[in-house]
2 protein chains.
Amino acid sequence: MSLRHALLGLLVFRPGSGYDLLKIFNTSLGQVWPARQSQVYGELTKLDATGLITVTDEGPRGRKQYALTPEGHAEARRWLAEREEHQPQRNPMLLQTFFLGLLPPEEAVARLLRYADTAAREYDDLVALRDAEPWDRDAMAECGRLVLEYGLRQRALEQEWARWAAERLRERRLTAPAAGQPEIPEPA
Amino acid sequence: MSLRHALLGLLVFRPGSGYDLLKIFNTSLGQVWPARQSQVYGELTKLDATGLITVTDEGPRGRKQYALTPEGHAEARRWLAEREEHQPQRNPMLLQTFFLGLLPPEEAVARLLRYADTAAREYDDLVALRDAEPWDRDAMAECGRLVLEYGLRQRALEQEWARWAAERLRERRLTAPAAGQPEIPEPA
DNA sequence: CGCCAACATGTCAAGGCTGGAATGTGGGAT
DNA sequence: ATCCCACATTCCAGCCTTGACATGTTGGCG
């Protein structure tokens, strides 16, 4: 339930409307904590009802500007101090990798190499982003830079790993031909 | 909705009961796709209702052994061939990192160094696992090894990144004292 | 002046996931 | 013979998330 805390965190910096917050989710924050429109508006309503945030201003198109209440500020502080133990992440790519042995070896290798390519492309995108943005505007940008760096390294890792895995599978195919296990071949 | 496919994938190798499958989720598979008991049993029931799996044997304590039907096999094949685009992962650690600028610098640095320590410990655990297991039993173990390697590299990355980030924050604290942004200090 | 892209919010059904509770059986160790 | 742990399943309330649909406004450009 950390969407709540992401919103509170953003509101510490400055008050904003659902629309404002949403824009942040669609760019930077969404890279580490995706959230849809309906979810953001819904959560804001709840947060308001709970008294953690409050409407401080109403603008043109029914715009409602939210800001933290003292309770909200306290909750943000509490959350930030808290240690969240990190549980395993759901990773579709690794899930498929787990079952890659069910594909014919050439296909499995090809798949891994495609992963590598994708990662390489994403890496380049992030590099471009890194070089385009001014990262010393404020504390949030400062930390955004840290998170971006993580993404960068992650993509590099993904690429190297996928190439390593492909190589390993290829070798295995040559030395140990058939491990006598079920496969999923082409459909008849 | 990939829990469904994880189950189908496992059942390609050998038939099994909910209990059997659950054990796999609690160890290897759960590292890339966590699932609780209630979810596994629920999904098996649905899968059975859909006709993708079927009960092939009933054992002692109401044990039901499931196996793939031809449709289930086809669906597993379909899924494995499919390219799932990977959307951003929710990452609680990075979410907190994003807001680390709200903490006093020393605390932020300490936090990052704790992340590094955790990652280091997890790394060691995975190394132990790597050296304990025989990874050439079958195709599933083979690929499990690939996934483990990913976890290994991931932990190494996390550690290095966290140290890098801590160092960067520390430097910044010395050169550019206050960025004139809101902070969350100690409670009064 | 008219139009459109951006602004701005609300609502809902359906499905996924969590966490807990409830229930009962059987094999092996003592 | 007994006991206990591992085996084994079912159900549920409640929250989170997704993906749509629905609706209306306004500032600025041509």
Side-chain angles (χ1 to χ4, degrees), chain A residues 1-8 10 15-27 29-50 52-66 79 84-92 95, chain B residues 1-8 10-11 15-27 29-30 32-50 52-66 79 84-92 95:
Chain A
M1 210 208 356
S2 278
L3 171 61
R4 164 191 258 82
H5 299 114
L7 292 171
L8 291 176
L10 288 176
S17 65
Y19 196 82
D20 294 335
L21 296 167
L22 206 49
K23 269 189 299 188
I24 304 181
F25 271 97
N26 288 336
T27 55
L29 233 203
Q31 295 303 309
V32 297
W33 205 273
R36 303 305 182 123
Q37 195 220 41
S38 53
Q39 219 190 336
V40 168
Y41 281 112
E43 194 62 40
L44 284 174
T45 305
K46 273 191 243 169
L47 244 16
D48 191 2
T50 325
L52 295 180
I53 64 177
T54 187
V55 176
T56 53
D57 192 17
E58 312 222 2
R61 288 149 269 235
R63 181 181 206 272
K64 289 191 285 187
Q65 191 175 56
Y66 291 102
W79 170 69
E84 353 212 339
E85 37 30 286
H86 81 70
Q87 50 223 336
Q89 316 261 317
R90 290 194 171 85
N91 188 328
L95 181 58
Chain B
M1 210 208 356
S2 278
L3 171 61
R4 164 191 257 82
H5 298 113
L7 291 171
L8 292 176
L10 287 176
L11 289 174
S17 65
Y19 197 82
D20 294 335
L21 296 166
L22 206 48
K23 270 189 299 189
I24 304 182
F25 270 97
N26 287 336
T27 57
L29 233 205
V32 298
W33 204 273
R36 303 308 183 119
Q37 198 214 41
S38 53
Q39 219 190 335
V40 167
Y41 281 111
E43 194 62 40
L44 284 173
T45 305
K46 275 192 240 169
L47 244 15
D48 190 4
T50 326
L52 295 180
I53 63 178
T54 187
V55 176
T56 53
D57 192 18
E58 313 222 2
R61 289 150 267 235
R63 180 181 207 273
K64 288 189 285 186
Q65 190 174 56
Y66 291 102
W79 170 68
E84 356 211 339
E85 28 45 275
H86 81 70
Q87 51 223 334
Q89 315 259 321
R90 289 192 172 86
N91 187 327
L95 181 58

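Proteins come first, then strands; the chains are lettered A, B, ... in the order of their sequence lines, and each starts at number 1. Model, not experiment: these values are computed from the prediction.
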Verdict with reasoning, A:T45 to A:D48, per side-chain hydrogen bond (donor to acceptor under 3.5 Å, both in side chains): CA-CA 5 Å; A:T45 305; A:D48 191 2; over 6 Å; no
Determine, step by step, whether B:S2 and B:E84 satisfy the side-chain contact (heavy atoms from CB on, under 4.5 Å) criterion, reporting the C-alpha distance in whole Å, the side-chain angles of both residues, the deciding distance to 0.1 Å, and the verdict. CA-CA 10 Å; B:S2 278; B:E84 356 211 339; 3.7 Å; yes
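One finds no side-chain N or O of B:Y41 lying less than 4.0 angstrom from the OP1 or OP2 phosphate oxygen of D:dT10. OP1 or OP2 of C:dA8 sits under 4.0 Å from a side-chain N or O of A:R63. Between C:dT18 and B:Q39, a contact under 4.0 Å exists linking OP1 or OP2 to a side-chain N or O. An OP1 or OP2 oxygen of C:dA6 is reached within less than 4.0 angstrom by no side-chain nitrogen or oxygen of A:K23. Distances shown here put a side-chain N or O of A:K46 below 4.0 Å from the OP1 or OP2 atom of D:dC16. Between A:R90 and C:dG16 there is no side-chain polar atom (N or O) within less than 4.0 angstrom of OP1 or OP2. Listed pair B:R36 / C:dC17 fails the phosphate criterion, with no side-chain N or O lying under 4.0 Å from OP1 or OP2.
Atom P of nucleotide D:dC7 and atom CG of B:L22 are separated by 11 Å, given to the nearest angstrom. As rounded to whole Å, 14 Å separates atom C1' of D:dT10 from atom CG of B:D48. Per the geometry, CZ belonging to B:F25 stands 17 Å off C1' belonging to D:dA8, to the nearest Å. Atom-to-atom, CG of A:D57 to C1' of C:dA8 comes out at 14 Å; the value is rounded to the nearest Å. For the pair A:Y66 OH and C:dA8 C1', the computed distance is 11 Å after rounding to whole Å. To the nearest angstrom, C1' of D:dT10 lies 15 Å from CD of B:E43. Rounding to whole angstrom units, CD of residue B:Q65 and P of D:dT9 are separated by 10 Å. With rounding to whole Å, B:R61 atom CZ is found 17 Å from D:dT10 atom C1'.
A distance of 6.0 Å separates CG in B:L11 from CD1 in B:I53, rounded to the nearest 0.5 Å. In this structure, OH in B:Y66 is found 12.5 Å from CG in B:L52, a value given to the nearest 0.5 Å.
A donor-acceptor distance shorter than 3.5 angstrom exists from the side chain of B:D20 to the backbone of B:S17, with no hydrogens or angles considered.
When heavy atoms are screened at a 4.0 angstrom cut-off, A:S38 is found touching base atoms of the nucleic acid. Across all strands, A:R4 comes closer than 4.0 Å to no nucleic acid atom at all (heavy-atom distances).
With the nearest nucleotide of DNA chain C identified for both A:G62 and B:S2, A:G62 has the one nearer the 5' end. Positionally, the nearest nucleotide of DNA chain D for B:P60 lies more toward the 5' end than for the other of A:P60 and B:P60. Nucleotides of DNA chain D nearest to B:S17 and A:W33 differ in position, and the one nearer the 5' end is that of B:S17.
Looking at A:D57, A:T54, A:V55 one by one, the single match for side chain to side chain contact (heavy atoms under 4.5 Å, CB included) with A:Q65 turns out to be A:D57.
Candidate nucleotides D:dA6, D:dC21, D:dT17 were compared by shortest atom distance to the side chain of A:L3, and D:dT17 ranks first.
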